[in-house]
Q: 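Below: one structure in structure tokens.
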Amino acid sequence: DFWQGFWAASLLFFLVGVALYIVWHRAGAERALGWMMLTAFLVRIVLGVVLSWGLPQFGYDEPPQRAGFVFFDAFRREEQAWTLAQSDESLFRAFSDEFGTDQYGGMLSLSAAIYRNFSRDAFRPGLVLIVVAGAFSLSIPFLVSFLRRRFDRRIVLYAGWIMALYPEGVLLGASQMREAFFILLISLLLWTAGKWLAREKHYAVYFIGVFSLIGLMVFSFRVAISALGFLLIWMWFEWTGNKTQSAWRIIQWIVLVIVIIAVLLGLQDWLVEVAQWDTLQTYRSSGRIQFHLNDIVYWLRSPLIWIYGIFQPFLPAAIVHPAPFIWRGIAIFRALGWYMVLPLLVFSVFRVWKVDSLEEQSSAKKQFLVITLLFIWVWIGISTIRAGGGQWDNPRYRTIFLPLMAVISGWCLYYYQQSKDKWLVRVLLIEGIFLGFFIIWYLGRYYHLLPILPFEFMIIAIIVLSLGVIVTGWLLDHNQSNEIATRD
């Protein structure tokens with residue numbers, strides 16, 4: 001029934017639009033923020049519609065793609081949600097062990113509620129897409145409002161646009177996936193923590209904070225605990241920031257490191273078990289990985305899979321690997337986003353300590369950025385261990401904390417704009433060397449256009465040339481410093 005679907009979609013668009021307008025207005029009704037939110041929403045809706053139309057025609061002949069789904073997990077969960085919606089059973093059954101497609105039941109129950117109340121007559125996953133895209137777009141004003149109190153406006157704009165357009169976030173927001181709700185609820189928690197620290201402790205702040213934490217637990221208990229841990233550590237440093245001497249500050253950092261080590265040791269058995277399983281899955285799924293890992297001692301295999309996972313989705317393979325054009329487009333889109341953000345995260349590790357050189361009264365900003373950057377890299381490590389070198393689960397887990405990645409990336413772009421630091425260019429040059437060699441290698445492997453370089457030789461060449469960039473850069477900077485000192 002076309003009209004039934006039309007009115008259901010129209011009503012959901014109206015409700016989402018009202019929510020977006022109210023939050024935008026409460027966040028200051030800034031034009032730039034409005035464009036971010038509108039762009040984020042429309043890009044996800046358009047991409048979701050294009051994929052649901054294009055995958056059945058141009059994708060692989062598999063049930064999920066014939067139904068218009070990018071993610072197999074979403075396909076299975078939405079089928080079960082539709083079945084639950086058609087029954088007379090309570091939606092709370094989604095939280096039982098009966099449904100194995102959603103470990104926690106939050107997304108399953110939400111989808112079932114949408115089908116039961118808006119589309120009882122037909123299976124319309126596009127309705128869920130409207131809510132998912134709206135949820136993602138709602139996260140932007142909360143993140144922007146949180147950052148506005150702490151950072152230069154350009155950092156806020158960079159972070160907001162990264163949130164709106166980061167490819168993995170766009171794809172997840174254009175699919176029936178729960179990550180959009182993770183991102184929204186984490187942004188709400190950041191906003192709540194910022195209000196709390198600013199002593200704006202009215203009842204709405206309490207309610208939103210508690211609601212966000214409970215919501216995260218409904219979608220994933222582990223993500224909720226991780227987000228809460230980050231916030232408590234940061235708030236602890238903020239609360240004691242103006243009251244402690246430098247010696248006590250050193251003790252705080254030592255305590256933080258000890259806590260992180262203790263947590264990792266507590267999770268050691270689980271992480272080892274997960275790492276071994278995901279390493280095995282990655283090993284089985286790729287003959288090329290099997291070929292190269294067979295000659296490596298066993299205990300080195302998991303670390304190498306971890307390094308391999310950091311580079312996923314792998315841009316050279318996305319560009320060169322034969323695939324239907326719709327899948328090649330998706331792969332290149334996702335990989336380009338990660339290979340734009342990864343150099344910023346790497347560069348920030350070495351430059352976040354220089355916040356004081358750019359801004360006055362920046363100790364609190366530096367503190368927040370350092371804790372955030374540390375958490376991001378720990379989370380990237382856990383995501384990679386949890387999902388091995390997989391090109392889907394690993395990037396998806398990583399994107400859960402996109403708000404924090406957007407903050408660091410936005411600050412890094414601002415820092416480069418202010419300082420013109422040549423080391424960011426050098427990091428990008430090293431990335432270019434890495435990508436260039438692998439693209440040549442893939443072209444030789446799949447199309448025989450070029451000689452296939454020996455894999456070991458290629459890795460050695462990448463390392464040597466990268467070290468050459470680093471040493472040359474250091475020598476140039478050292479000579480420039482000496483010339484400046486001589487003139488002075």
Side-chain angles (χ1 to χ4, degrees), residues 43-44 47-48 50-51 54-55 57-62 64-65 69-74 162 165-175 177 179 278 281-283 285-292 304-346 380 383-384 387-399 402 405 409 427-450 452-453 455 458-459 462:
V43 164
R44 284 158 178 78
L47 181 62
V50 168
L51 291 175
L55 284 172
Q57 300 185 65
F58 308 112
Y60 293 104
D61 188 19
E62 300 172 355
Q65 293 179 49
F69 285 86
V70 176
F71 294 91
F72 178 67
D73 291 351
I162 289 169
L165 298 175
Y166 179 62
E168 192 74 30
V170 171
L171 185 64
L172 290 166
S175 307
M177 299 294 286
E179 278 70 20
D278 284 309
Q281 292 295 95
T282 305
Y283 180 82
S285 65
S286 172
R288 177 58 54 179
I289 291 175
Q290 289 183 32
F291 177 78
H292 291 296
L304 288 175
I305 290 290
W306 182 80
I307 294 171
Y308 170 66
I310 287 178
F311 292 103
Q312 291 290 355
F314 198 45
L315 182 56
I319 294 172
V320 178
H321 190 278
F325 77 90
I326 192 169
W327 276 109
R328 183 175 289 190
I330 292 170
I332 293 174
F333 179 62
R334 297 171 66 229
L336 273 175
W338 179 235
Y339 279 79
M340 289 177 181
V341 167
L342 182 58
L344 302 180
L345 298 180
V346 172
I380 289 172
S383 300
T384 306
Q391 64 172 327
W392 286 100
D393 286 346
N394 170 16
R396 180 162 60 93
Y397 296 160
R398 182 197 302 149
T399 308
L402 177 59
M405 289 202 300
S409 301
V427 170
L428 292 171
L429 179 58
I430 291 171
E431 183 181 62
I433 292 169
F434 173 84
L435 294 175
F437 269 99
F438 270 98
I439 287 174
I440 292 171
W441 187 77
Y442 274 103
L443 285 172
R445 179 183 172 190
Y446 287 111
Y447 298 103
H448 309 292
L449 298 176
L450 297 166
I452 300 178
L453 296 173
F455 191 81
M458 183 175 66
I459 297 300
I462 291 171

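Reckoned from all heavy atoms, side chains included, excluding hydrogens, waters and symmetry mates.
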Q: Which heavy atom of Asn394 sits nearest to which heavy atom of Gly309, and what is that distance?
A: ND2-O, 2.5 Å

Q: With a 3.5 Å distance limit and no angle check, can you tell me whether Glu62 reaches the backbone of Pro64 through a side-chain donor-acceptor pair?
A: no

Q: For Trp392 and Phe71, take the angle between the two ring planes, folded into 0 to 90°, and tell me which bin it lands in: parallel under 30, tilted 30 to 60, perpendicular over 60.
A: perpendicular

Q: Please report the C-alpha distance between Arg396 and Asp73 in whole Å, then the side-chain angles of each, then the deciding distance to 0.1 Å, and finally whether the side-chain contact (heavy atoms from CB on, under 4.5 Å) criterion is met.
A: CA-CA 12 Å; Arg396 180 162 60 93; Asp73 291 351; 3.3 Å; yes

Q: Using every non-hydrogen atom in the two residues, find where Pro313 and Ala335 come nearest and quote the distance to one decimal.
A: O-CB, 3.5 Å

Q: Might you work through the side-chain contact (heavy atoms from CB on, under 4.5 Å) test for Trp327 and Leu55, ending with a clear yes or no?
A: CA-CA 9 Å; Trp327 276 109; Leu55 284 172; 3.8 Å; yes

Q: Would you give the length of the straight line joining atom CD1 of Ile162 to atom CG of Leu344, rounded to the nearest 0.5 angstrom?
A: 7.0 Å

Q: Please give me the minimum heavy-atom distance between Leu402 and Gly169, naming the atom from each residue.
A: CD2-CA, 4.4 Å

Q: Could you go through Tyr447 and Tyr442, starting from their C-alpha distance and side-chain angles, then the distance that decides it, and tell me whether this counts as ring pair (Phe, Tyr, Trp, His ring centres under 6.0 Å)?
A: CA-CA 8 Å; Tyr447 298 103; Tyr442 274 103; over 10 Å; no

Q: Identify the two heavy atoms, one from Ala323 and one from Arg328, that lie closest to each other, and give their separation to 0.1 Å.
A: N-NH2, 3.8 Å

Q: How many angstroms lie between CZ in Phe434 and CG in Leu315, if you round to the nearest 0.5 Å?
A: 9.5 Å

Q: Quick one, Val341 and Tyr166 - any side-chain contact, counting heavy atoms below 4.5 Å?
A: yes

Q: Would you confirm whether Glu179, through its side chain, and Leu172, through its main-chain N or O, come within 3.5 Å as a donor-acceptor pair?
A: no

Q: Look at the rings of His321 and Tyr446 and say which category their plane angle falls in: under 30° parallel, 30 to 60° tilted, over 60° perpendicular.
A: perpendicular

Q: Calculate, to the nearest 0.5 Å, the distance between atoms CZ and CD1 belonging to Phe437 and Ile433 respectively.
A: 7.5 Å

Q: Hey, does Pro316 have a side-chain heavy atom less than 4.5 Å from the side chain of Trp441?
A: no

Q: Before giving the answer on side-chain contact (heavy atoms from CB on, under 4.5 Å), spell out for Ile307 and Thr384 the whole-Å C-alpha distance, their side-chain angles and the decisive distance to 0.1 Å.
A: CA-CA 8 Å; Ile307 294 171; Thr384 306; over 6 Å; no

Q: Roughly how far, to the nearest 0.5 Å, is the OG atom of Ser409 from the CE atom of Met340?
A: 12.0 Å

Q: Heavy-atom distance under 4.5 Å between the side chains of Leu345 and Ile380, does that happen here?
A: yes

Q: Would you say the side chain of Ile330 lies within less than 4.5 Å of the side chain of Leu51, judging by non-hydrogen atoms?
A: yes

Q: What do the steps show when you test Phe438 against Phe311 for side-chain contact (heavy atoms from CB on, under 4.5 Å), and what is the final call?
A: CA-CA 12 Å; Phe438 270 98; Phe311 292 103; over 6 Å; no

Q: Going from CZ on Arg398 to CD on Gln312, what distance comes out if it is rounded to the nearest 0.5 angstrom?
A: 8.5 Å

Q: Which heavy-atom pair separates Trp338 from Met405 by the least distance, and what is that distance?
A: CZ3-SD, 4.1 Å

Q: If you measure from CZ on Arg44 to CG on Leu165, what distance do you get to the nearest 0.5 Å?
A: 7.5 Å

Q: Does the side chain of Pro167 reach to within under 4.5 Å of the side chain of Leu336, using non-hydrogen atoms?
A: no

Q: Locate the shortest heavy-atom distance separating Ile332 from Ala318; write the atom from each residue and the value.
A: CG1-O, 3.5 Å

Q: Return each pair, listed once, that meets salt bridge (charged side-chain N to carboxylate O under 4.0 Å, His left out) where at least one residue sits in residues 331-346; pairs must be two or more places apart or across chains.
A: Glu168-Arg334

Q: Are Glu431 and Tyr339 close enough that some pair of their side-chain heavy atoms sits under 4.5 Å apart?
A: yes

